[in-house]
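Inspection log for the structure reproduced underneath, given as structure tokens.
Proteins get letters first, then strands, A, B, ... in listed order; numbering begins at 1 in each.
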Amino acid sequence: MYWTKTLIPTLREAPSDAEIVSHKLLLRAGLIRKLAGGVYTFMPLGLRALRKVEQIIREEMNRADGIEVLMPALQPPEIWEASGRAETASNVLFKVKDSSGRQWFLSPTAEEVITTIAANEINSYRQLPKNFYQISLKFRDEIRPRFGLMRAKEFIMKDAYSFDTTDDGAMASYKKMYDAYTRIFARCGLKAFPVEADTGVIGGNYSHEFMVPAETGENEVAFCEACGYAANIEKATSGIPKTAVREIGAAIEKFATPGVVTIEALSKEPYKVAANRQIKTLIYIADSKPVIILIRGDDQLNETKFAAKTGAVAVRPATVDEIVPLLGAKPGSLGAVVNVPADVKIYADERLQGANDMTTGANEDGFHLKNVSIERDIKVTAWFDLRTVSAGEPCVKCGKALKIRRAIEVGHVFKLGTKYSEKLGANFLDEAGARKPAVMGCYGIGVTRTLQAIIEQSNDKDGVVWPLSVAPYQVCITPLAVTADSEAMKLAEQFYTELTAKGVDVILDDRDERPGVKFKDADLVGFPIRIALGEKSLAKGEVEIKPRSSAFQSVKIEAAVEAVLALLKA
RNA sequence: CGGAGCGUAGCUCAGCCUGGCUAGAGCACUUGCUUUGGGAGCAAGACGUCGCAGGUUCGAAUCCUGUCGCUCCGACCA
């Protein structure tokens, strides 16, 4: 490609609505343009990089026995009602109506469609296992799109769905995808690592996310450098000890705490109740019903764990107006010892198991209770791990200190089980003629997000530093004179022809611009190798080969093409 | 949805508080000349419903009301 024949609208300054470096570079390098919030056009160079990421994914999916299909973006609500997700995923579903008033959903993912296909087309164990995948536009009504392609209303996702006859088979399919993902991200030049993950609205019981470490990531990951344990903070556990049991305390005693409404205030003079001897009482509305959650005063509730453990779909903190009629006191004086309606469930964090000599609210404004023994004095409905781990806690596997860092989620693999196959009738007949639901898995990669994650991870002060495998062009030839009869241009065209014939993606910067402009643009876009052809080196019979991420080397003209090919192979 | 901020040329921004000549600068764009190894110089030129609607006023980019859009924090997030 000749530079003047394509369109590479580079910007000297980043538009003011871009916040993070990868978003700024996507815009400055002319890779994307915004049409509206969370909605982008891929410009010629951005699309080339995107296609390369897609192709890597396609090759690895095919290698792992994936079979490519293409499912509709426009989906009838009926199948979403059958799976139950018309309601549970309602907040992210784009809903549109056709001219006759019929409603459609724009696909945010495709479990319902592929399971319907399986229900209709797969009847026998002889047809299994199968793993279908597609790379297509997805739509999510994100409350708050942000950071360019990172969280968009419309984006490209690779989604795959496996169908197996047995749980063991499903595990094998899962493992194949897990391995394929590891290869995909490595080939994209990304340092991505798998972590244990919550399954969210998708459902299922086993899941990993692939994370790219980045300060701008929207996720937090707890990990152990000693043994390799890693989990999303929403899922992570630690080996932190339970609350110490003390001598059996005296009977419960109510004491006045006027104006004290925080854990911290109660831990100070004159009360001096350490946070780790307090029970924090939180009231949540889980699927429209109030529930009480107890965690230790020095711990933080993990809402995702809470929803996952109790099976609740919609979870939110109760408002003061909901709490007062329920327990008779305002937040700050709440407890689960007295005055708790019998039908309100009480969930407690496991770290409180066996705890005694605790202090908690009296459900009476301005009063607390001490000498509370949780198992003696509170009717706990169920014990769960509900707390959020923090850095420095002992690893649940090896006991070494956990660390926490931020990361971008680029892929997610789920073992689904039979949730969708049962609801949508994806059954098969086994060897004995018994009718069984297929055991499913589903596997997603945010393709456009992956592209941005590559830039977020690989850039410097001058611009993008593309990994060779996904660069829009691998080589940029930069003649410093572009008139047709100049030696630089003749040689540039010769190199262009030779490298193109060898299958190299080459762009020739034939713009009549000053050298500085061309070098700055080439660095900004981030081509892995630049060949500069200028009078100074040509006079010595040489050209300059400049890898984007290392120093230039002068090479004899005759040896230039071979030298570039050698760099591309390295 | 709660909080905060911003909408003026393709991009970055000034002007607004304290209303008043024909609405500005830099970059980008067009033409010419010079220049040519890291975002050139000079000259000429083109580019604006000052987000939109309404109001106040002799007069509104500027003040008021509404509305739409964008960004950030939170909530949310497959």
**OP:** When you get a sec, tell me which of C70(B), A75(B), A78(B) is the closest nucleotide to the side chain of Ile143(A)?
**Re:** A75(B)
Subject >> Of the listed nucleotides G37(B), C72(B), C29(B), the one nearest the side chain of Glu19(A) >> reply: C72(B)
Original post:
On RNA chain B, nearest-nucleotide positions of Pro317(A) versus Leu533(A): which is more 5'?
Top reply: Leu533(A)
**OP:** By nearest nucleotide on RNA chain B, pick out whichever of Leu93(A) and Arg144(A) is the more 5' one.
**Re:** Arg144(A)
For residues 526-538 of chain A, which side-chain N or O atoms pair as donor and acceptor with protein atoms under 3.5 Å away, sequence neighbours left out?
residue, atom, partner, partner atom, Å
Arg530(A), NH1, Asp523(A), OD1, 3.2

In whole Å, I'd like the distance from the [atom1] atom of [X] to the [atom2] atom of [N].
{"X": "His412(A)", "N": "C77(B)", "atom1": "NE2", "atom2": "C1'", "answer": "12 Å"}
{"X": "Asp198(A)", "N": "C76(B)", "atom1": "CG", "atom2": "C1'", "answer": "14 Å"}
{"X": "Leu27(A)", "N": "C70(B)", "atom1": "CG", "atom2": "C1'", "answer": "13 Å"}
{"X": "Leu106(A)", "N": "A78(B)", "atom1": "CG", "atom2": "P", "answer": "19 Å"}
{"X": "Lys24(A)", "N": "C72(B)", "atom1": "NZ", "atom2": "C1'", "answer": "13 Å"}

Between the main-chain N or O of [Y] and the side-chain N or O of [X], is there a donor-acceptor pair closer than 3.5 Å?
{"X": "Lys34(A)", "Y": "Thr41(A)", "answer": "no"}
{"X": "Tyr347(A)", "Y": "Leu386(A)", "answer": "no"}
{"X": "Lys95(A)", "Y": "Gln103(A)", "answer": "no"}

Original post:
What is the ring orientation for Phe210(A) with Phe185(A), classed by angle as parallel under 30°, tilted 30 to 60°, or perpendicular over 60°?
Top reply: tilted
Subject >> Derivation of the salt bridge (charged side-chain N to carboxylate O under 4.0 Å, His left out) call for Arg183(A) and Asp179(A) >> reply: CA-CA 6 Å; Arg183(A) 286 195 299 269; Asp179(A) 292 342; 5.6 Å; no
Taking only residues two or more places apart in sequence, or in another chain, which ones meet [X] in a salt bridge (charged side-chain N to carboxylate O under 4.0 Å, His left out)?
{"X": "Arg146(A)", "answer": "Glu218(A)"}
{"X": "Asp141(A)", "answer": "Lys153(A)"}
{"X": "Glu493(A)", "answer": "none"}
{"X": "Lys176(A)", "answer": "Asp65(A)"}

Within the 4.0 Å heavy-atom criterion, would you say [X] contacts the bases, only the backbone, or no part of the nucleic acid?
{"X": "Gly37(A)", "result": "sugar-phosphate"}
{"X": "Arg316(A)", "result": "nothing"}
{"X": "Lys518(A)", "result": "nothing"}

Interface polar pairs with nucleotides 13-15 of chain B, N/O, under 3.5 angstrom:
residue, atom, partner, partner atom, Å
C13(B), OP2, Ser16(A), OG, 3.4

Original post:
Any cation-pi pair here, Arg405(A) with Phe223(A), using under 6.0 Å and within 45°?
Top reply: yes
Give every pair of a protein N or O atom and an N or O atom of nucleotides 6-9 of chain B that lie under 3.5 Å apart, one pair per line with the distance.
none

Subject >> Residue pairs fulfilling side chain to side chain donor-acceptor pair (under 3.5 Å) with at least one residue in residues 7-16 of chain A, sequence neighbours excluded >> reply: Thr10(A)-Asp521(A)
Original post:
Which residue pairs satisfy the side chain to side chain donor-acceptor pair (under 3.5 Å) criterion with at least one member in residues 542-551 of chain A, sequence neighbours excluded?
Top reply: Asp460(A)-Arg548(A)
Original post:
Which one is paired to C1(B), where only Watson-Crick or G-U wobble pairs with both distances under 3.5 angstrom count?
Top reply: G74(B)
Which protein N or O atoms sit under 3.5 Å from an N or O of nucleotides 43-52 of chain B?
none

Would you please indicate yes or no on a ring centroid separation below 6.0 angstrom for [Y] and [X]?
{"X": "Phe384(A)", "Y": "Phe306(A)", "value": "no"}
{"X": "His412(A)", "Y": "Phe414(A)", "value": "yes"}
{"X": "Tyr496(A)", "Y": "Tyr2(A)", "value": "yes"}

Original post:
By a strict heavy-atom criterion of less than 4.0 Å, which residues belonging to residues 146-157 of chain A are in contact with RNA chain B?
Top reply: Arg146(A), Phe147(A), Arg151(A)
Got a list of protein N/O to nucleotides 39-42 of chain B N/O distances below 3.5 Å?
residue, atom, partner, partner atom, Å
G39(B), O2', Arg12(A), NH1, 2.5
G39(B), O2', Arg12(A), NH2, 2.7
G39(B), O6, Arg28(A), NH2, 3.1
G39(B), N1, Asp521(A), OD1, 3.3
G39(B), N2, Asp521(A), OD1, 3.1

Original post:
Between the base of G38(B) and the side chain of Arg530(A), is there a donor-acceptor distance below 3.5 Å?
Top reply: yes
